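The structure appears below as structure tokens.
What you see is a predicted model; the values in this text were computed from it and never measured. Computed from heavy atoms alone, side chains included, the values below leave out hydrogens, waters and symmetry copies. To find a chain, count down the sequence lines: A is the first, B the second, and so on, and within it residues start at 1.
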Amino acid sequence: MAYDFTAAEKKWQEHWERSGAFRTEDGSARPKFYCLAQFPYPSGAGLHMGHVEIYTYADIIARFKLHQGFEVLHPMGFDAFGLPTENHAIKEGLHPAIITERNCANFRRQLKDMGFSYDWSREVTTSDPAYYRWTQWIWKRLYEKGLAYKAEVPVNWCDTCRIVAANEEVDAEGLHERCGKPTRARRRSQWMFRITAYAEQLLKGLEELDWPESSKKAQRDWIGRSEGATVFFGLAEHEGRIEVYTTRPDTLFGATYMVLAPEHPLVGRITVPGERAAVKAYVERAAGRSEFERGELNKEKTGVATGAYAINPVNGERIPVWVADYVLMSYGTGAIMAVPAHDERDFEFARVHKLPVIEVVRPEGAAPSTLEQAHTGEGVMVNSRHGDLDLDGLRQREAVAKTIAWLEAKGLGQRKVNYRLRDWVFARQRYWGEPFPIYYLENGAAALLDDGDLPLELPEVESYQPTDNGESPLAPLENWIRFKDRQGRTGRRESDTMPNWAGSCWYYLRFMDPHNSREFATLERQRRWGRVDVYVGGTEHLNLHDLYSRFWQRALFDLGLVAEPEPFQKLLHQGMMLGPDGSKMSKSAGNVVNPDQILVDHGTDVLRLNLCFMGPVEANKPWSEEGLFAMRRFIGRVERLYAEHEAWEEGEGELAARIALHRTVKAVTADMERYRFNTAIARLMELLNELQRQVRRGRKALEAFAVMLSPFAPHFAEEMWERLGHGGGITRAPYPGFDESLCAEEEVEIAVQFNGKIRLRAKVPGGLGAAELQARMLELPEVREKLAGKPPLKVIAVPGRLVNIILGGG
RNA sequence: GCUGGUGUGGUGGAAUCGGCAGACACCCAGGACUUAAAAUCCUGUGCGGGCAUUAACCCGCGUGCGGGUUCAAGUCCCGCCACCAGCACCA
């Protein structure tokens with residue numbers, strides 16, 4: 001009887017649902033395993049191959065852990081707030097909630113057709129008021145802790161669409177994704193998160209995580225910790241001082257000018273009358289340019305002099321103060337001391353604007369130099385002596401320490417650690433997001449909604465289009481904006497909404513306790529499920545979602561609201577599914593592979609096997625049509641193995657089969673633990689080849705094979721399991737164990753090399769030590785003949801592998 | 001520019017520690033079964049040569065390129081090249 005995948009998939013999916021096969025028990029005594037794949041944004045296009053890939057990997061891990069006897073938490077939900085839905089709603093004239101429901105239903109159907117082992121009773125949707133009630137609640141806690149604040153920051157304004165573009169809608173060149181026209185910076189007061197307050201913790205916390213080293217490094221670099229000093233420069237003709245941050249206080253004697261960012265508050269005050277027009281023009285031009293434009297490479301460094309002078313604290317020199325946009329207001333103090341001799345950017349600027357260059361670090365043994373380029377490397381201090389501070393002759397480390405000590409003693413500066421990480425703009429001028437549970441009283445003070453008034457639901461609106469003045473579509477809704485609070489005061493609600501990262505910052509917590517209407521998740525449940533043991537997802541959100549979640553988790557941990565300081569213990573990154581031509585799947589390239597169609601033509605098990613067999617989880621893999629047929633053949637061959645009842649016998653079968661079985665179990669188990677699915681399948685194929693050679697096949701071997709295959713081809717494995725006489729339910733059948741003594745080779749082939757070249761092979765019993773192996777090989781007639789009575793110069797014997805005989809001469 | 005990753009047969013990819021390169025598949029070729037085809041099964045399959053007769057066998061070369069260390073290098077070291085990804089004036 002041939003295997004009918006369509007019928008089998010339907011049959012077993014119904015069986016799993018009916019029997020509650022994947023219902024997770026919070027109170028079970030089994031050890032826990034939390035397996036999570038990044039939940040999808042339910043777009044109108046439905047599941048694409050990338051989704052299928054990531055959810056397949058997670059499902060294989062979850063099912064493997066079920067076989068190993070874990071209580072597995074493997075939930076699924078939808079990250080449903082966001083712009084595409086809103087844009088779609090505008091186009092179709094339907095409410096975003098309706099579009100969302102439609103898209104979720106479609107995703108849910110597709111995911112169910114794939115037979116994934118989710119506990120669907122835990123499904124959550126971030127745009128559901130019962131969910132975002134808690135997103136708002138958590139935001140309140142973070143606000144109360146002082147981590148949320150309002151500040152004036154730029155938004156991306158598109159003049160063409162007359163709309164605020166979210167950062168996700170703007171590409172690297174600052175072009176609006178929808179119209180392809182440039183966006184510009186427009187300043188606006190909006191909500192922020194003080195993620196920088198957690199910079200050090202987020203950095204240190206990485207140490208305890210089991211993430212790929214490259215991912216840890218990406219976050220480390222993003223946080224960008226640097227050590228240096230703040231230094232105060234007095235002003236020659238003005239009150240006050242300029243504070244700068246530098247990582248090179250040792251080069252203070254080389255500072256020949258200073259630069260303020262165009263937005264720096266001192267610019268207006270210190271600019272001399274003669275330079276005001278030029279400075280004003282420069283600052284205005286900079287203000288209209290987005291960060292993208294300013295960051296453009298290979299452009300000449302621009303700037304204007306303010307006409308004011310600062311005093312270098314180490315030697316009292318008067319140095320000019322400039323304004324230039326290569327200094328960013330958002331990093332450090334927004335002002336720098338420029339040391340052109342030892343900083344490439346300052347050097348370039350100094351050359352363009354004819355500013356002096358003073359060498360203070362000289363490479364060891366080098367002659368004094370007029371410097372054709374900045375020397376940023378090591379060296380010995382020169383030209384660095386004045387008054388009671390003498391750095392000459394010191395190496396960099398000592399010079400830094402000595403300078404900082406000197407500055408601190410004089411009150412002219414101090415040691416300082418700085419981070420590249422910026423505070424997080426947590427606001428959108430759009431409709432389809434969580435409203436902020438905050439409002440403003442007539443006196444301007446902000447007030448929080450009571451917890452009891454949550455969720456603050458989105459109102460119905462006529463138009464989802466943001467307004468021309470850059471406000472959200474909620475802003476014109478006076479009926480909603482204006483309200484009387486519990487104390488009878490008139491308040492105006494915040495009209496911005498939260499960005500679509502909000503709901504995903506904590507969804508992994510909600511899965512632990514999804515129906516709780518009193519808490520977002522009890523500590524008891526959190527202790528039960530702990531951290532996500534393996535989190536499957538792409539690298540593209542590493543410095544966004546993955547970092548944001550860590551920040552929320554740590555902040556909530558400090559508030560005693562969560563049980564763990566870190567959310568994701570292990571990260572598993574899947575590679576990209578490429579089109580059959582090896583390039584990125586895209587509609588324009590016409591190489592998109594539709595998973596729905598493959599399900600119809602080949603079934604989900606074959607699709608899963610093909611995805612896994614194509615290559616390692618982390619690698620980008622071109623889609624293989626041929627592979628699909630290969631996996632069908634594989635399934636067909638296995639099916640025939642289980643059809644030939646007359647070849648079965650009780651037990652594990654012949655010795656050769658037993659040895660093959662135990663070796664396979666050992667190897668496949670190791671592969672599964674390391675997520676090496678492609679080689680695990682290859683080993684199952686090898687075992688299949690061996691079993692096919694056997695005249696009599698042990699039932700035990702067939703059972704073990706079915707269980708090992710089950711994570712990859714669950715429907716098919718259930719079918720074979722049933723043929724073996726079991727009732728339904730391979731999903732929790734124990735994973736096979738192995739006997740180490742059967743895994744050892746009893747006979748091995750040894751390669752015999754002369755001078756490193758293989759000249760013959762010989763079989764010897766396994767387990768021979770180096771000395772005995774060597775002795776045996778030298779006895780071989782072929783070897784004696786080659787040696788012709790002369791003793792070898794040297795012999796290297798590697799047990800189980802080879803013997804290398806080194807002959808003298810040529 | 002900086003950082004990280006990748007580079008292995010006609011193709012996808014294997015190869016814990018430096019120890020028989022190419023597991024497992026795909027493709028292709030030949031064969032069996034068949035009236036025939038499909039399906040299935042079997043055999044072969046890195047390149048070049050000894051060897052224009054098959055088989056067995058033998059020799060040389062071979063993991064992006066060029067050097068090096070080592071008895072032994074896909075694996076380690078130095079210098080390049082190509083592609084991919086992330087960051088991109090962070091003082």
Side-chain angles (χ1 to χ4, degrees), chain A residues 2 172 212-215 217-218 220-222 224-226 228 244-248 251 259 261 291-292 294-299 301 324-328 330-339 342-346 348-349 376 418-422 538-540 542-543 575-576 578 582 584 610 613-616 618-631 633-634 636-637 640 667 670 674 676 678-686 688-689 692 748-761 792-807:
Chain A
E213 210 36 59
S214 58
S215 300
K217 190 173 188 310
R220 274 192 204 110
D221 290 351
W222 185 259
R225 184 183 200 274
S226 74
V244 304
Y245 171 72
T246 178
T247 54
R248 296 292 305 274
T251 62
V259 184
E291 283 205 13
F292 300 108
R294 287 201 207 177
E296 254 172 48
L297 219 58
N298 299 330
K299 63 154 204 201
K301 291 222 174 337
D325 68 0
Y326 82 92
V327 172
L328 309 172
S330 51
Y331 182 78
T333 61
I336 62 158
M337 64 176 209
V339 184
H342 306 291
D343 182 282
E344 282 166 17
R345 296 151 303 177
D346 297 343
E348 197 189 321
F349 189 85
T376 56
N418 228 330
Y419 301 91
R420 207 191 77 113
L421 184 70
R422 306 295 156 82
T539 52
E540 66 274 13
L542 204 61
N543 288 332
M576 221 192 317
L578 306 172
K584 213 167 174 167
N610 191 38
F613 192 65
M614 284 185 309
E618 298 87 352
N620 294 338
K621 296 160 285 276
W623 175 255
S624 164
E625 175 85 17
E626 294 77 25
L628 230 30
F629 288 95
M631 292 307 121
R633 273 198 290 277
F634 172 59
R637 289 175 65 200
R640 259 165 270 133
R674 287 154 62 214
R676 306 285 292 267
N678 56 334
T679 51
I681 293 170
R683 294 187 203 279
L684 289 175
M685 288 174 168
E686 284 178 302
L688 167 66
N689 292 340
Q692 275 188 325
V748 289
E749 195 180 67
I750 300 295
V752 182
Q753 300 180 329
F754 285 89
N755 291 339
K757 287 186 193 297
I758 295 164
R759 284 299 176 261
L760 67 124
R761 294 164 212 277
L793 272 187
K794 190 175 177 183
V795 181
I796 293 107
V798 182
R801 299 274 179 187
L802 55 72
V803 172
N804 191 6
I805 300 164
I806 313 305
L807 305 171

Please list each protein N or O that sits under 3.5 Å from an N or O in nucleotides 68-72 of chain B, with the distance.
| unit_1 | atom_1 | unit_2 | atom_2 | d |
| --- | --- | --- | --- | --- |
| C71(B) | O2' | N804(A) | ND2 | 3.3 |
| C71(B) | O2 | N804(A) | ND2 | 2.7 |

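Using a 4.0 Å heavy-atom cutoff across all strands shown, K584(A) reaches no nucleic acid atom at all. At the heavy-atom level, N689(A) lies under 4.0 Å from the strands shown only through sugar-phosphate atoms.
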Where each pair must be Watson-Crick or G-U wobble with both distances under 3.5 Å, what dot-bracket representation of RNA chain B is obtained, with crossing pairs in [ ] and other-strand partners as |? (((((((..(((......[....))).(((((.......))))).(((((......)))))..(((((..]....))))))))))))....
For a quick check, with a 4.0 angstrom heavy-atom cut-off, what is the B/S/- contact string for nucleotides 3-14 of chain B, read 5' to 3'? SS-------BSS
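Separation of the P atoms belonging to U75(B) and U40(B) is 40 Å when rounded to the nearest angstrom. Comparing the P positions of U43(B) and G66(B) gives an interatomic distance of 39 Å, to the nearest angstrom.
Remark: Y326(A) engages Y257(A), D346(A) in a side chain to side chain donor-acceptor pair (under 3.5 Å) (not counting sequence neighbours). Taking the ring-ring contact (aromatic ring centres under 6.0 Å, His included) definition, one finds that Y331(A) meets it with nothing, sequence neighbours left out. For I758(A), the side chain to side chain contact (heavy atoms under 4.5 Å, CB included) partners at least two apart in sequence or on another chain are A751(A), Q753(A), R761(A).
Checked by atom type and distance alone, the side chain of N804(A) never pairs as donor or acceptor with a backbone atom of I796(A) at under 3.5 Å.
Look at R759(A) and you'll find a side-chain N or O under 4.0 angstrom from OP1 or OP2 of C59(B).
Using a 4.5 Å cut-off on side-chain heavy atoms (C-beta onward), N689(A) and R637(A) make contact. Two residues are said to be in side-chain contact when any heavy atoms from C-beta on lie closer than 4.5 Å; L628(A) and W623(A) meet this criterion.
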